[in-house]
Amino acid sequence: MHPTRNQQLAIRAMLNTLIGPREFDRLCLGMRVEGVDDGILYVFVPNENCAAKIEANYSDDLATAAEQVFSQPIRIVNVLPMDLSSHQN
C-alpha cells in the first residue's frame, strides 16, 4: 500500500508531535513513507546516519503514527537511506 500525500503529511505531523520538532527537524526532514506491506512499514530518509538513529530510537513512534494513519498493525519498521530507494523497483 502506497500512502497518499495526505497520509504522508499525517504521519509526518504525528511523528513531529511524538518526538518533538527539534528532533524531527534533525532526523526526518525529507522523510518519505514508501508504504506498508504485510505489516512492514518502509520509510526512506536522506542518509544512513538518520536512518540508523530513527530505527534505533523512534521505530515505535513511527509505527504508532503509521498504525493510526493506515488503520492496520505495523510489526516492523524499516528505515532506509534515500540512496537505496532507487534499488527498490
Side-chain angles (χ1 to χ4, degrees):
M1 160 193 279
H2 290 287
T4 65
R5 177 163 168 70
N6 285 341
Q7 288 172 321
Q8 290 272 359
L9 293 172
I11 290 170
R12 291 174 58 89
M14 283 186 212
L15 189 59
N16 189 355
T17 299
L18 290 169
I19 71 172
R22 174 177 246 144
E23 195 71 348
F24 182 87
D25 287 349
R26 186 172 75 84
L27 298 174
C28 301
L29 287 182
M31 177 181 79
R32 185 179 80 234
V33 177
E34 188 64 26
V36 177
D37 184 25
D38 198 26
I40 302 170
L41 178 68
Y42 294 93
V43 179
F44 288 96
V45 295
N47 62 60
E48 195 172 315
N49 185 44
C50 290
K53 288 182 180 176
I54 292 167
E55 204 163 82
N57 300 306
Y58 301 112
S59 286
D60 290 344
D61 295 315
L62 198 46
T64 298
E67 285 175 347
Q68 290 292 317
V69 170
F70 294 125
S71 298
Q72 62 179 284
I74 303 297
R75 296 179 299 108
I76 299 169
V77 176
N78 254 343
V79 184
L80 303 164
M82 290 278 186
D83 56 355
L84 293 180
S85 67
S86 62
H87 303 294
Q88 295 297 310
N89 293 331

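This chain uses plain numbering: 1 for the first residue, then up along the sequence.
- Between the side chain of R12 and the backbone N or O of M31 there is at least one donor-acceptor pair closer than 3.5 Å.
- At most 12 non-hydrogen atoms from other residues, nucleotides or ligands lie less than 6.0 angstrom from CG of D60.
- Salt bridge absent: E55 and K53 never bring a charged side-chain N and a carboxylate O closer than 4.0 Å.
- Partners of A63 under the side-chain contact (heavy atoms from CB on, under 4.5 Å) rule, at least two apart in sequence or in another chain, are I74, V77.
- Atom CG of L18 sits about 11.5 Å away from atom CD1 of I11, to the nearest 0.5 Å.
- A donor-acceptor distance shorter than 3.5 angstrom exists from the side chain of N47 to the backbone of C50, with no hydrogens or angles considered.
- A continuous path of hydrophobic side-chain contacts links Y42 to I76 [ILVMFWY only; heavy atoms under 4.5 Å].
- Side chain of Q8 to backbone of R32: no donor-acceptor contact under 3.5 angstrom is found.
- At distances below 3.5 Å, at least one donor-acceptor pair connects side-chain atoms of Q7 with backbone N or O atoms of T4.
- Here side chain to side chain donor-acceptor pair (under 3.5 Å) pairs that include residues 14-24, with residues two or more places apart or in two chains, are E23-R26, E23-Y58.
- Here CD1 of I54 is found 9.5 Å from CG of N49. Values are rounded to the nearest 0.5 Å.
- For residues 64-82, the set of pairs meeting the side chain to side chain donor-acceptor pair (under 3.5 Å) definition, not counting sequence neighbours, is empty.
- Residue F24 holds its CZ atom at 12.0 Å from CG of D61, rounded to the nearest 0.5 Å.
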